[in-house]
Amino acid sequence: MTTAEMKSGIDSGIKSYLPPVIEVEAENELLEVAMGPHHPSTHGVFRMDVALDGERVVRLKPVFGYLHRNHEKLAEGTTYLASMPYTDRLDYFCSMTNNWAYALAVEKLAGLEVPERAEYIRVITAELTRVQNHASAIGFLMQEMGASGTPLMYAFREREKILDLFEALSGSRMMCNYMRFGGCRVDLPEGWLERTKKIVAELPRFIDEMEALLTGNEILMARAQGVGVLSPELAVNAGVTGVMLRATGVNYDVRKVDHYGIYDRFSFRVPLGEHGDIYDRYMLRVLEMRESVKILEQALPQIPDGPILDPKSKPRGFRPKPGEAYGRIEAPKGELGFYLISDGSGNPYRYRVRPPSLINLTILEDMCLGQNVADVVLIFGSVDIVLGEVDR
Amino acid sequence: MNLNAGWASTGWTSTLDQIFVLVQHRVAELFPPVLQPWVAMILGVVGIVAVFPAIFALTTVLERKGLGRMQNRLGPNRVGPYGILQPMADAIKSLTKEDIIPRSADAVVHFLAPVVLVVAIFLGYAVLPVGRNMVLMPIDAGILFFFAIGASTELSIFMAGWSSRNKYSLLGAMRAVAQMISYEVPLLLSAVVAIMMTGSLSPEAIVAAQGGFSGVLPHWYVFTPWGFAGFALFVVAALAETNRSPFDLPEGESELVAGYFTEYSGFKFALFFLGEYLGMMSIAGYGITLFLGGWGAPFSFLAFIPSWAWFFGKLFLAIFFFIWLRGTLPRLRQDQLMNFAWKFMLPMSLLNLLVAAAWRFLGEWLGAGVGAEAIRWLACAAVLGGTYVLLGRAMLRRQKIGPRSYRYAE
Amino acid sequence: MLGEGILKGLAETAKNFAGSFVSEERLTTVEYPEQRLPQIENTRDFPFLVYDGDDAMAGLRCVSCQICEKECPPKCIYITKSADKKPDYVGKAQFYPTRFDIDVSVCMSCQICVEVCPFEAIKMDTEFELSTEDRFGGLILDRHKLAKSNEYYHQIHPTEAAEVDARLAEEKAKVEAKAKAAAEAAAAKAAADAAAKGTADATAKAAESAAKSAEGQA
Amino acid sequence: MKSAAELLDELQGAMPGVKLALATNPSPSAQHSLVVAAEDALRVAVYLRDVAGYDYCSNATGVDWLDKETTEKVKTTRRVKKEVDGVEQEVDETVEETVKRVEPGCLEAVYHLYSMRQGPHDPHPPLVLRMRTANRTDRVELPSLSPVWRAAEFQEREIFDLYGIVFKGHRDLRRLLMWDEFEDHPMRRDYVDPDDFEYEPTPHDEVLKRAEEHRAKLAAEGAR
């Protein structure tokens, strides 16, 4: 196929959103740098092939796949339940939300009902996950900015408490493997709610502390404001979701849109940015943490007694009827979707993860072109990705 | 000039104060008179070469522990009591590590770069007064000598970056050279006020000029408006000059891996590390000499404590301040750094020169007296403070930087 | 004013620096191995096999049904079924594993095996200090290493173990009741048959044999 | 938002002659899909984005449908010549035959579309858009929808990588996850692992057998 043929779709007059082309005076004077896969700032094994004109980026190509393990193929070879622990390992910062997204898709496929108590537990664990993910994401962003780890350590101090809660609940700190089709695996242990309430009550103080350290900092503002700007039109067209999308001002939060789970019972607001730059993404993460704390404060006292698993759900011999379903939730990194096709057997015929981390990287090139090489690292950090999910 | 101003020169305190000088003399007297100056010189050199690297070792562990505490961690605590022997472990590790020279690197220059750096930095200590009568080489143009020697470290950094044949090294070296040359201007200009006031380029004379007390408070330059501004500018420029956070772009690990010493390992890397910390300490030492009264005591009633103890105490405080900044601040971007140097630091330090001159003339013009002093003080402070606020605001506005508010969707 | 945010940040780190010396809450470091955190009850890492009684191999609850082997996501369980049978906890003759290996270098601690096991035979351990110098053999745990007593299970997961025991007792009671009912039914039937035949002798014999079979099942 | 069936009518009204079909989904999720012919896909996509309001392509993925071999028992009646009572006659005879029929498989590209323009006020199920290739071997080209929804850019690269669907009109169609020199498409259902597997240190059973074969092969190659 010739290039001309390849490009035919683009030339056909459709309004497309493409990255800018940067004119270079002397092509042979460009400095080509491969940032990664061995690079201190890449969040894992990820490579950006960057061409620099001085310190200005004129070309950038992301290269993926160093962590590819064909998660989808593995899942198609085992039962529905056996894929659940593997979802923990997608975005290993947020195993609870990964579990939920997968369980949600299977529940849609098999028509399972989730008991109310389980829904509450899901909301609580998901919001705790969101808090710790956003805190760590800010920490990593600051690390990228050269803050020698202080904000990251503060974030990890709080994250530690949340992970201890997860361990007390599910037995494991990060690889929770907690949710099941039609509910959750085990009920809350004794005293868990009280401990969680105490920790949630302390969270606003921690967020204040983090803001005192960072929000007004002139260096952070100088580095983050007006850098890595993303337009709302491009963001929507490129399927960018989560904080990245809302930082551009588009009001789209799957918790509000789909009313999945029981999110319509809680009052919370969706913070929106205006400029779509790194600072907006940082601030939105802070504000979303505050909103998550609000949800937690509502959900924790309301939690009812009752069963935690749909009686129709069973660990062995689970065979949904033929059909397909796409389920999605608002994971901390963006919209996490699972697409399943059942052929009536015990294994899914098709199992697909819609990874927010990967799709949010679609516009990395657009945001970085023309920027300083130091900003590339920042922009990349502000997307908030986990390579386990990008490469699957 | 009264070197002994405010100093109770009696008995054991004076002996303790001069103990190192006395030891040097006693040892030198054991040799024939022809050799005596040489022996004394060698003893001084040995002292510097022994003491400052020891402080460097201590600093590395203090830095890690201090950063740890700021981040709610413990820091190194496994080697020796409280991890105090950590630098020994680091030294053994760096000595036993394989020394790698990239195949395409220029081996000779690659080897020379860290050596040149350490030698140049050590030369700077030659004229640093670390205590009363404790200067290795008392020359009249000591400050000039220090800045001249300090400027030559850029050479070694570029040698390292260029000879490694690595893109990150080269970018890091170019950043470092650009940054150091830019910040040398405000560094020098901010130091000039102290020289103007003293009327001498000799570090000892500058320290002596800051001796003496009004009541219990000393006559340090930092307690005058121009001195404070000069000191603040000096600190910022010194941070940039020594590649410390928030100006650590040349080795910004998130962008350039390790900057100009990316391709260094083992002992050569340790030499670079040593050079950096020695550079930081020497520039802190000159900051103390120029603005913080050198080895002078901060209060008249504390003058019995030996002068060298004061100097090293101040040095550790300065180091702690550097660590504190490192634990708090993210780093700037190259263009912002340059903007800051040329559009903020330079005008401010030039204005400071004018204010310092005005201070001098106002002093002569208004004469003595508390009222006159207060008028002089307030006028200078207002000019400097007002300019600082206006210039800062203009800078933020020009770059469209400021706090934001956010809207919510229900 | 320029520098305000920086000063605020400096104050914050200074607060934390000072706080780390006085406040437990700020300095959360645990100096393992000298200090250890209290064990969290639900913690799981690698599976073990539960046995009842004193003899580990005789008391294994595992009946070698191989469901866990099939369901294990990373496929780290290897089971060989026995040729003969032995009675399990309700007295039913069952197979038992002649080989039960778990490769803990592959195991990902997901506890799917625990969930799918119909016999409450495999549970999650909390022992995490498993490091060994033998990378190949040392991390394959065989059934002798895996077998741990029910008392141990009670010790590490008291709540869960109590639930499991209650469930097993209930099941056992159910089985016994069923056997008893079956025996009674058989006896009654035999008696009816005997009555039809008119030989009291046969009745006694049938009832005896039925009672025996019920006993055997129990 | 309109349901898939309503959209089908609307599209057929707006673009007469467009090749579209509705594929119903029997599962409780009831997410029905529109199957569009490859030649009409681009204009349907543009219509969906610009007119129908589906401005957000959430998910794009491939599905591999293998060739389906169905065996059927068919009764056929033929006239055969037979000697009946010594006289050759043509008689109807019913024979039961097994007929094997191969339903050609295909590769399918599936797109899940939502509308962000609608905002949070109108919850709606995804609109599922499907395209099918002619077969699984040589005619695997489909038009790329990435000019319409940039979100499909990486996902189509992934489909190309893992399923081997060639998207015409994609701006940069390279492998995404596997390395460029890799030849097969691992997500296809008839994919066979190449023998360059890094065997775990303690292989068992089937893996052990394969590991031994692999080692023997390496040894043989070494001997040569």
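Given the structure is predicted, the values throughout are model-derived calculations rather than measurements. Within every chain, numbering begins at 1; the chains are lettered A, B, ... in the order of the sequence lines, protein sequences first and strands thereafter.
Highest contact tally toward chain C, considering only Glu190(A), Glu160(A), Glu218(A), is held by Glu218(A) [criterion: heavy-atom pairs under 4.5 Å]. Listed options Ala82(A), Gly216(A), Gly171(A) were ranked by heavy-atom pairs under 4.5 angstrom with chain C; first place goes to Gly171(A).
For Glu4(C), the CD atom counts as loosely surrounded, since its 6.0 Å shell holds 12 or fewer non-hydrogen atoms of other residues, nucleotides or ligands. The local environment of NZ in Lys174(C) is sparse, with at most 12 non-hydrogen atoms from other residues, nucleotides or ligands closer than 6.0 Å.
The heavy-atom pair separating Pro85(A) from Cys110(C) by the smallest distance is CB-CB, 3.3 Å. For the pair Ala212(A) and Glu12(C), the tightest heavy-atom approach, listed with the atom from each and the gap, is CB-OE1, 3.4 Å.
Looking at Leu7(C), neither its backbone nor its side chain comes within 4.5 Å of chain A, counting heavy atoms on both sides. Neither the backbone nor the side chain of Thr126(C) comes within contact range of chain A; no heavy atoms are under 4.5 Å apart. Contacts of Cys113(C) with chain A are absent, with no heavy-atom separation under 4.5 Å from either backbone or side chain. If you measure heavy-atom distances from Tyr154(A) to chain C, the contacts under 4.5 Å come from the side chain alone. Neither the backbone nor the side chain of Glu41(C) comes within contact range of chain A; no heavy atoms are under 4.5 Å apart. In this structure, the portion of Thr79(A) lying under 4.5 Å from any heavy atom of chain C is its side chain and not its backbone. Of the two parts of Glu202(A), only the side chain, counted from C-beta on, holds a non-hydrogen atom closer than 4.5 Å to a non-hydrogen atom of chain C. Heavy-atom distances place no part of Leu220(A) under 4.5 Å from chain C, backbone and side chain included. At a 4.5 Å heavy-atom cutoff, the contact between Arg89(A) and chain C is made by side-chain atoms alone.
A distance of 11.5 Å separates CG in Leu213(A) from CD1 in Ile6(C), rounded to the nearest 0.5 Å. Annotation: the span from Arg316(A) atom CZ to Glu115(C) atom CD amounts to 10.5 Å, rounded to 0.5 Å. The distance from the CE atom of Met175(A) to the CG atom of Asp45(C) is 14.5 Å, given to the nearest 0.5 Å. With rounding to the nearest 0.5 angstrom, the CG atom of Asp164(A) is 7.0 Å from the CG atom of Leu37(C).
The backbone N or O of Thr43(C) lies less than 3.5 Å from no partner atom in the side chain of Glu167(A), so there is not a single donor-acceptor pair.
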Trace of the side chain to side chain contact (heavy atoms under 4.5 Å, CB included) decision for Arg44(C) with Asn177(A): CA-CA 11 Å; Arg44(C) 59 179 150 98; Asn177(A) 181 21; 3.9 Å; yes

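Val116(C) is listed as a side-chain neighbour of Leu81(A), based on a closest heavy-atom distance under 4.5 Å. Side-chain contact between Asn42(C) and Pro189(A): present, with at least one pair of heavy atoms (C-beta onward) separated by less than 4.5 Å.
For the salt bridge (Lys or Arg N to Asp or Glu O under 4.0 Å) test, residues two or more places apart in sequence or in another chain that qualify with Glu209(A) are Arg157(A), Arg26(C).
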